[in-house]
Amino acid sequence: MRPAGGCRGSGLLVLGLALWVSAALLLRGCAGQQAEEDGADAPAAAAAATAPMEEKERRALYAAIESFVGKGWNGSGLYPDPCGWSPIQGVSCDLFNGLWYPTVMSIGPVLDNSLQCTPDAKFSPQLFDLRRLRTLSFYSCFPASNPTAIPTAGWEKLSGTLETLEFRTNPGLTGGIPPSLGRLASLQSLVLVENNLTGPIPAELGALSRLRRLVLSGNGLSGPIPATLGNNDRRHRHAHDDELLIVDLSRNCLTGSLPSSLGGLTGLLKMDLSNNLLQGSIPPELAGLKTLTLLDLRNNSITGGLPQFVQGMASLQDLLLSNNPQLGGGLPQSGWETLAANLATLDLSNVGLVGPIPASMAALTGLRFLALDHNRLTGAVPPELAQLPSIGALYLNGNNLTGALQFSAGFYRRMGRRFASWDNPGLCYNIAAVDAARAPSGVVVCKDLQEPSVARDGDGEEGGRKPEASSSLVASSGRSAARVGGLWYLVVVQGMAAAVLGLMSLLL
């Protein structure tokens, strides 16, 4: 007879074997199912692993990169299969008709192993032989010691493929923007930021019908803004997805007025024209920019006041007009409700505003930053401004505001230094509503709310001292008089005691 324990052990062994077989079959079934699902992708993956690259395309890639990173760069030795098992950092490839083609080239110190330009980097004609190139980017590639111009020829070879062209932070990138860039019919993003480009903005850029982002900030560009950038007819020929979304021409030397054609950019989200030399009024055609979230015209010479139509631009989140000293006009007394949902930043400092601050601005419930400083505003400060639920910074300094500030101690405590109202000679605060530690900086105590003044002097003139000084002076004088009276009382009592003692001695 077999021991009971041995039978149990055999049963467990059989059970374990059965479970193992079941698991194996299940895994096999899953693997087979996965293989069937991946079967359709297998030929593509195999083709990608073995796909060749045209020798002409390979040579053009090596030559183009070598012209930027230096002749000592041994591309064929370091990267014999640049689109396969030996990829180049900053270069991406795609398959077209069974062949590899470079589609992305990014030069500059973005990552530790990125391709970096030598001090004598230059453009090679072979760059334009990369027929499938979609993205071309240069970052910190041309130093000031190596003045280099953007090539004027060759761009037409990339007109059907290039979608993104970027030059960022290249102090040595000089000269003008080539008009031939207007031939890049597929271009969607043109970014030329922090370079040393000069001259006008080519009108030919208005022909880029698929452009969605135009950023030319931080250069030395001059002349007017081309009216072609807002060509209505050009925009209407394409789907909504092809509309220009971002225009940033800030930090240049652009002159003239804002072209009314900019109002035709009906899909525009952000317009930054700040830090230029622009003049004239804000054209009424901009009222058509219903999707605009940012309008930045700071540091120009804009005139004509704040247009009424701006209050109807319900999508606006940031309206920045500061440092246009001749803008002038007054703040609209009503109509702010339309901007209530989205407007977060309103910067109207140093724009020559006159008149009162309307209490209706309290309707801007989403406002976080309000700057009205350094204008010529008059009248009282509406106490309703303290009720703005999201306000985090409020600047009213440098105006002609008058009257008593009606804000609570909690408002001053919450705002701290982010509330400024100094340099308003007629403005004061209620000392009964806020302690000295939380008092608004540079604002005096309201005279009609001070403690009573000391009595008039014998000559009939009013003391005119601050309550604290008067109170201190009165207390000090009272204590002195008490001390003097007590001394004379002691002298009199002592004299009377001496006299009584003398009389008693005579009687005895």
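Position 1 is the first residue of the sequence; numbering continues from there.
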Any side-chain heavy-atom pair from [X] and [Y] closer than 4.5 angstrom?
{"X": "Val69", "Y": "Gln116", "result": "no"}
{"X": "Thr266", "Y": "Leu268", "result": "no"}
{"X": "Leu319", "Y": "Thr345", "result": "no"}
{"X": "Tyr139", "Y": "Ile107", "result": "no"}
{"X": "Leu254", "Y": "Leu277", "result": "no"}
{"X": "Leu214", "Y": "Asp248", "result": "no"}
{"X": "Asn350", "Y": "Asp373", "result": "no"}
{"X": "Phe68", "Y": "Thr118", "result": "no"}

Are [X] and [Y] close enough that a side-chain donor and a side-chain acceptor fall under 3.5 Å?
{"X": "Arg298", "Y": "Ser274", "result": "no"}
{"X": "Asn276", "Y": "Asn252", "result": "no"}
{"X": "Asp347", "Y": "Ser322", "result": "yes"}
{"X": "Asn299", "Y": "Asn323", "result": "yes"}

Please determine whether a side-chain nitrogen of the Lys or Arg among [X] and [Y] lies less than 4.0 Å from a carboxylate oxygen of the Asp or Glu.
{"X": "Glu194", "Y": "Arg251", "value": "yes"}
{"X": "Lys157", "Y": "Asp129", "value": "yes"}
{"X": "Lys56", "Y": "Glu54", "value": "no"}

Using every non-hydrogen atom in the two residues, find where [X] and [Y] come nearest and quote the distance to one decimal.
{"X": "Pro178", "Y": "Pro151", "value": "CG-O, 3.4 Å"}
{"X": "Ser360", "Y": "Gln333", "value": "OG-O, 2.7 Å"}
{"X": "Asp120", "Y": "Asn146", "value": "C-ND2, 3.6 Å"}

Please check if the side chain of [X] supplies one atom and the backbone of [Y] the other of a donor-acceptor pair under 3.5 Å.
{"X": "Asp272", "Y": "Ser250", "result": "no"}
{"X": "Glu55", "Y": "Met53", "result": "no"}
{"X": "Asn400", "Y": "Gly355", "result": "no"}
{"X": "Arg376", "Y": "Val354", "result": "no"}
{"X": "Ser257", "Y": "Gly280", "result": "no"}
{"X": "Tyr412", "Y": "Phe419", "result": "no"}
{"X": "Ser281", "Y": "Pro283", "result": "no"}
{"X": "Arg58", "Y": "Pro80", "result": "yes"}
{"X": "Asn375", "Y": "Gly398", "result": "no"}
{"X": "Thr228", "Y": "Ala203", "result": "yes"}

First locate atom [atom1] of [X], then atom [atom2] of [Y], and finally report the distance between them rounded to the nearest 0.5 Å.
{"X": "Thr135", "Y": "Glu163", "atom1": "OG1", "atom2": "CD", "value": "6.5 Å"}
{"X": "Met361", "Y": "Glu337", "atom1": "CE", "atom2": "CD", "value": "11.5 Å"}
{"X": "Lys122", "Y": "Leu127", "atom1": "NZ", "atom2": "CG", "value": "13.5 Å"}
{"X": "Leu208", "Y": "Ser159", "atom1": "CG", "atom2": "OG", "value": "11.0 Å"}
{"X": "Leu294", "Y": "Leu320", "atom1": "CG", "atom2": "CG", "value": "6.0 Å"}
{"X": "Leu229", "Y": "Ile201", "atom1": "CG", "atom2": "CD1", "value": "6.5 Å"}

| query | Is the Phe123 to Phe142 ring centre distance short of 6.0 Å? | reply |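 Between Phe142 and Phe123, which both carry aromatic rings, the centre distance is below 6.0 Å.
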| field | Residue pairs involving residues 99-114 (criterion salt bridge (charged side-chain N to carboxylate O under 4.0 Å, His left out); sequence neighbours excluded) | value |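 Matches after skipping sequence neighbours: none remain.
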| request: Please work out which of the three classes, parallel, tilted or perpendicular, describes the rings of Phe167 and Phe138, given edges at 30° and 60°. | output: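 Geometry flag for Phe167 against Phe138: parallel rings.
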| Mutual orientation of the aromatic rings belonging to Tyr395 and Phe369 [parallel < 30°, tilted 30-60°, perpendicular > 60°] |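 Ring orientation, 0 to 90° scale: tilted.
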| said: Atom CZ of residue position Arg414 - does it have more than 12 heavy atoms of other residues, nucleotides or ligands inside 6.0 Å? | reply: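 Result for CZ/Arg414: enclosed.
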| said: Can you confirm whether Gln326 is buried at CD, in the sense that more than 12 heavy atoms of other residues, nucleotides or ligands lie under 6.0 Å from that atom? | reply: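 It does not: Gln326 CD has 12 such atoms or fewer within range.
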| Taking the six-membered ring of Tyr101 as reference, does the NZ or CZ atom of Arg131 fall below 6.0 Å from its centre and within a 45° cone about the axis? |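 The answer is no, since Arg131 fails at least one limit relative to Tyr101.
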| Hey, mind stepping through Asp296 and Lys270 against salt bridge (charged side-chain N to carboxylate O under 4.0 Å, His left out) and telling me if it holds? | CA-CA 8 Å; Asp296 191 349; Lys270 297 184 178 182; over 6 Å; no
